[in-house]
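Data block below; observations after.
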Amino acid sequence: MSYGLLKGKKGIIFGALDSNSIAWKVAEQAHAEGAEFVLTNAPVALRMGELNALAEKTNSDVVPADATSIEDLGKLFDHALAKFGKLDFILHSIGMSINVRKGKDYTDINYDWLTKGWDISAVSFHKVMKTAWDKDAMNEWGSILALTYIAAQRIFPGYNDMADNKAYLESIARSFGYEWGIKNKVRVNTISQSPTPTTAGNGVKGFGGFIEFAEEISPLGNATADDCANYCVTLFSDLTRKVTLQNLFHDGGFSNVGVSERVMKRYEK
């Protein structure tokens, strides 16, 4: 069921790769709620994914852009501004660790790979917002979101340097979000999503265990990619105008539970 929450709103969605991507689900739900947007991902990701099918389904343009490149981001925003005028929302759903992909332990990470992953996963969010800032691209009361994970605050073995990347991402959201709020009441938030079996998530060693553990701890169970898409829509909408600088846990209650009865029963004698 759609409510027209985003009727007339325009935006950019970063990071949709295939139907398992949270950004893909956000695009589908935003379209259903009346939004128009440009879809973007890195050129190499576009060759690997199925984004043209999503673009056709949502009547959207696809503009390749490396989110670590100010030049690429400039061209992307110029395209969106020419098509729509000022924007109402941006979704940053980007994350990658070469150390994770290559199976390097956190105690033996490759620092060149660390820097590359940090740029892609966290600094790119600053670059996206700086480009929007420099081009005065956002309407008043707009909304900028990035996706994160609770490993930014807690230890999840195997998540590696992505945990550090997410922590920095969340800090950028707060620091730049303050400036955006002063400038023109734009909201900036991060969503700390349940472990979700996306292409990126499945690359983390033991990620299936994260998912099962969170399901057993969370009183409401894990939030799915579709659930996250619905949450993103509410944060793009005018219903959440006074929500900003927040790291919003969307995890079925996992973040506030120490241990569940379901887990405790395993240890009862």
Open item on the list: Listing request: all salt bridge (Lys or Arg N to Asp or Glu O under 4.0 Å) pairs with a residue in residues 154-165, at least two apart in sequence or in separate chains.
Closed with: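 Checked against salt bridge (Lys or Arg N to Asp or Glu O under 4.0 Å) - neighbours excluded - no pair reaches residues 154-165.
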
Does [X] reach the side chain of [Y], with side-chain heavy atoms less than 4.5 Å apart?
X: Gln153; Y: Phe249; answer: yes
X: Ile172; Y: Met129; answer: yes
X: Leu87; Y: Phe84; answer: yes
X: Leu17; Y: Glu50; answer: no
X: Asn222; Y: Phe254; answer: no
X: Ile98; Y: Asn110; answer: no
X: Leu46; Y: Val62; answer: yes
X: Phe37; Y: His31; answer: yes

Task: Of Asn247, Ile144, Leu145, the residue whose pairing with Asn189 passes side chain to side chain contact (heavy atoms under 4.5 Å, CB included) - done: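 Output: one option passes, namely Leu145.
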
Within the distance-only criterion (no hydrogens, no angle test), does the side chain of [X] pair as donor or acceptor with the backbone N or O of [Y] below 3.5 angstrom?
X: Asn160; Y: Met162; value: no
X: Asn41; Y: Ala16; value: yes
X: Thr148; Y: Ile191; value: no
X: Gln246; Y: Thr244; value: yes
X: Ser121; Y: Trp118; value: no
X: Asp251; Y: Ser255; value: yes

What distance do [X] atom [atom1] and [Y] atom [atom2] have between them, rounded to the nearest 0.5 Å?
X: Leu54; Y: Lys25; atom1: CG; atom2: NZ; result: 10.0 Å
X: Thr115; Y: Ile120; atom1: OG1; atom2: CD1; result: 11.0 Å
X: Ile13; Y: Ser60; atom1: CD1; atom2: OG; result: 7.0 Å
X: Lys75; Y: Asp66; atom1: NZ; atom2: CG; result: 11.5 Å
X: Lys104; Y: Ser97; atom1: NZ; atom2: OG; result: 11.5 Å
X: Leu91; Y: Leu147; atom1: CG; atom2: CG; result: 5.0 Å

Indicate, with yes or no, if [Y] and [X] share a hydrophobic cluster defined by side-chain heavy-atom contacts under 4.5 Å among Ile, Leu, Val, Met, Phe, Trp and Tyr.
X: Met96; Y: Trp24; result: no
X: Ile217; Y: Leu220; result: no
X: Val123; Y: Leu76; result: yes
X: Ile70; Y: Leu169; result: no
X: Val26; Y: Val233; result: yes

Open item on the list: One pair to check against side-chain contact (heavy atoms from CB on, under 4.5 Å): His92 and Ser124. What are the steps and the verdict?
Closed with: CA-CA 9 Å; His92 178 283; Ser124 65; 2.8 Å; yes

Between [Y] and [X], does any NZ, NE, NH1 or NH2 come within less than 4.0 Å of an OD or OE carboxylate oxygen?
X: Asp134; Y: Lys130; result: yes
X: Glu170; Y: Lys166; result: no
X: Glu140; Y: Arg241; result: no

Would you kindly say whether [X] and [Y] are connected by a side-chain donor-acceptor distance under 3.5 Å?
X: Thr224; Y: Asp226; result: no
X: His250; Y: Asp227; result: no
X: Glu33; Y: Ser2; result: no

Considering non-hydrogen atoms only, spot the tightest contact between [X] and [Y] and give its length.
X: Ala23; Y: Gly15; answer: CB-C, 3.7 Å
X: Ala163; Y: Ala151; answer: CB-O, 3.3 Å
X: Ile22; Y: Cys228; answer: CG2-SG, 3.8 Å
X: Trp113; Y: Asn99; answer: CE3-OD1, 3.4 Å
X: Phe77; Y: Ile12; answer: CE2-CD1, 3.8 Å
X: Ala223; Y: Thr196; answer: O-OG1, 4.1 Å

Task: Residues, nucleotides or ligands: over 12 heavy atoms within 6.0 Å of Tyr168 OH - done: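 Atom OH in Tyr168 is not packed in, count stays at 12 or less.
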
Open item on the list: Is it the case that over 12 heavy atoms from other parts of the model lie below 6.0 angstrom from the NZ atom of Lys86?
Closed with: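 Atom NZ in Lys86 is packed in, count exceeds 12.
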
TODO: Evaluate the side-chain contact (heavy atoms from CB on, under 4.5 Å) criterion for residues Phe236 and Asp88: first the C-alpha distance (whole Å), next the side-chain angles of each, then the deciding distance (0.1 Å), finally the verdict.
DONE: CA-CA 8 Å; Phe236 291 155; Asp88 302 292; over 6 Å; no

TODO: Begin with the C-alpha distance, continue with both residues' side-chain angles, and end with the deciding distance and a verdict on side-chain contact (heavy atoms from CB on, under 4.5 Å) for Asp119 and Thr68.
DONE: CA-CA 6 Å; Asp119 196 16; Thr68 68; 3.4 Å; yes

TODO: Apply side-chain contact (heavy atoms from CB on, under 4.5 Å) to the pair Lys135 and Thr131, showing each step before the final yes or no.
DONE: CA-CA 6 Å; Lys135 292 182 178 294; Thr131 303; 4.1 Å; yes

Task: Ring centers of Phe156, Tyr149 separated by less than 6.0 Å - done: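 Between Tyr149 and Phe156, which both carry aromatic rings, the centre distance is below 6.0 Å.
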
Task: side-chain hydrogen bond (donor to acceptor under 3.5 Å, both in side chains) against Asp238, all qualifying residues, sequence neighbours excluded - done: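 Lys9.
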
Task: Step-by-step salt bridge (charged side-chain N to carboxylate O under 4.0 Å, His left out) determination, Arg266 to Glu216 - done: CA-CA 11 Å; Arg266 295 185 185 180; Glu216 292 189 0; 2.4 Å; yes

- [ ] Among Lys83, Lys7, Lys10, find the residue that satisfies the salt bridge (charged side-chain N to carboxylate O under 4.0 Å, His left out) test when tested with Glu36.
- [x]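 Going through the options one by one, the only one that passes is Lys10.
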
Could you pull out all donor-acceptor pairs under 3.5 Å where a side-chain atom in residues 179-188 meets a protein atom, sequence neighbours excluded?
{"unit_1": "Asn184", "atom_1": "ND2", "unit_2": "Met138", "atom_2": "O", "d": "3.0"}
{"unit_1": "Arg187", "atom_1": "NE", "unit_2": "Gly142", "atom_2": "O", "d": "3.3"}
{"unit_1": "Arg187", "atom_1": "NH1", "unit_2": "Leu235", "atom_2": "O", "d": "3.1"}
{"unit_1": "Arg187", "atom_1": "NH1", "unit_2": "Ser237", "atom_2": "O", "d": "3.1"}
{"unit_1": "Arg187", "atom_1": "NH1", "unit_2": "Thr240", "atom_2": "O", "d": "3.0"}
{"unit_1": "Arg187", "atom_1": "NH1", "unit_2": "Thr240", "atom_2": "OG1", "d": "2.9"}
{"unit_1": "Arg187", "atom_1": "NH2", "unit_2": "Trp141", "atom_2": "O", "d": "2.7"}
{"unit_1": "Arg187", "atom_1": "NH2", "unit_2": "Ser237", "atom_2": "O", "d": "3.4"}

